[in-house]
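Quantities reported herein were computed from a predicted structural model and do not represent experimental measurements.
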Amino acid sequence: MSLPERAFPPGEGPAAKVSVSLRAGNIRAVKERVGTRGFSAYVDAAVERQIERDLLEEALQANEQENGPIPQRFRDEAEDLFRSVKSAPELQEDSGWHAHEAS
């Protein structure tokens, strides 16, 4: 890779070609979802979401170190909310709705 990784924050900067190894099933699933031409953008968006999740987890851990554990009632409320969103009819396989295509 010719561009320095530190020059741009996550989600910013020009595209650079890299080589990665993925499981065959994941490759097939991405191609079925976005086609060959959208593959790189889809993977790039997935990497950016993972970085966001990692940063969120780090922020949660720092908050717990400073303020103590999150009360169980808040954890339960968040879990219930997540389950209701995840089971929404528009997210179900039969509805024809699919995740956002990477842009």
Side-chain angles (χ1 to χ4, degrees):
M1 183 181 324
S2 61
L3 296 174
E5 290 89 1
R6 294 181 182 261
F8 304 99
E12 300 292 327
K17 189 170 183 140
V18 298
S19 175
V20 298
S21 298
L22 302 172
R23 291 185 201 106
N26 290 340
I27 294 168
R28 179 198 46 76
V30 171
K31 285 183 178 179
E32 286 176 359
R33 192 168 285 276
V34 298
T36 302
R37 291 182 52 92
F39 195 93
S40 290
Y42 189 92
V43 172
D44 187 58
V47 168
E48 189 171 344
R49 282 191 305 275
Q50 185 61 49
I51 291 168
E52 290 170 351
R53 287 183 178 114
D54 293 347
L55 292 171
L56 178 57
E57 179 63 28
E58 291 168 10
L60 288 169
Q61 289 176 0
N63 181 63
E64 283 193 354
Q65 286 179 348
E66 188 172 319
N67 301 304
I70 296 171
Q72 188 62 45
R73 73 177 196 278
F74 292 143
R75 291 176 183 270
D76 293 343
E77 185 178 327
E79 186 175 331
D80 290 343
L81 178 60
F82 179 77
R83 281 194 181 127
S84 69
V85 169
K86 189 176 178 184
S87 64
E90 60 270 19
L91 296 179
Q92 302 310 306
E93 190 72 32
D94 296 341
S95 71
W97 184 90
H98 294 284
H100 297 286
E101 288 189 11
S103 55

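Arg53 contributes atom CZ, which lies 14.5 Å from atom CD of Glu58 (distance to the nearest 0.5 angstrom). We find the CG-CZ distance between Asp44 and Arg49 to be 10.0 Å, quoted to the nearest 0.5 Å. Summarising the geometry, atom CD1 belonging to Ile27 is positioned 12.0 Å from atom CD belonging to Glu32; distances are rounded to the nearest 0.5 Å.
Environment of CD in Gln50: crowded, with over 12 heavy atoms of neighbouring residues, nucleotides or ligands closer than 6.0 Å. The number of heavy-atom neighbours closer than 6.0 Å to CD of Glu66, taken from other residues, nucleotides and ligands shown, is 12 or below.
Each of Val85 and Leu56 belongs to its own hydrophobic cluster when Ile, Leu, Val, Met, Phe, Trp and Tyr are linked at side-chain heavy-atom distances under 4.5 angstrom. One hydrophobic cluster, built from ILVMFWY side chains closer than 4.5 Å, holds both Val30 and Val18. Following chains of ILVMFWY side-chain contacts shorter than 4.5 Å, one cannot reach Ile70 starting from Leu55, and the two form parts of different hydrophobic clusters. Taking hydrophobic clusters as Ile, Leu, Val, Met, Phe, Trp and Tyr residues chained together by side-chain heavy-atom distances below 4.5 Å, Tyr42 shares a cluster with Ile51.
Tested against Gln61 for a side chain to side chain donor-acceptor pair (under 3.5 Å), the candidates Gln65, Glu57, Glu64 yield a single pass: Glu57.
Looking at every heavy atom in both residues, Pro14 comes nearest to Phe8 through CD-CZ, 3.5 Å.
For the pair Glu79 and Arg75, the minimum side-chain heavy-atom distance is 4.5 Å or more.
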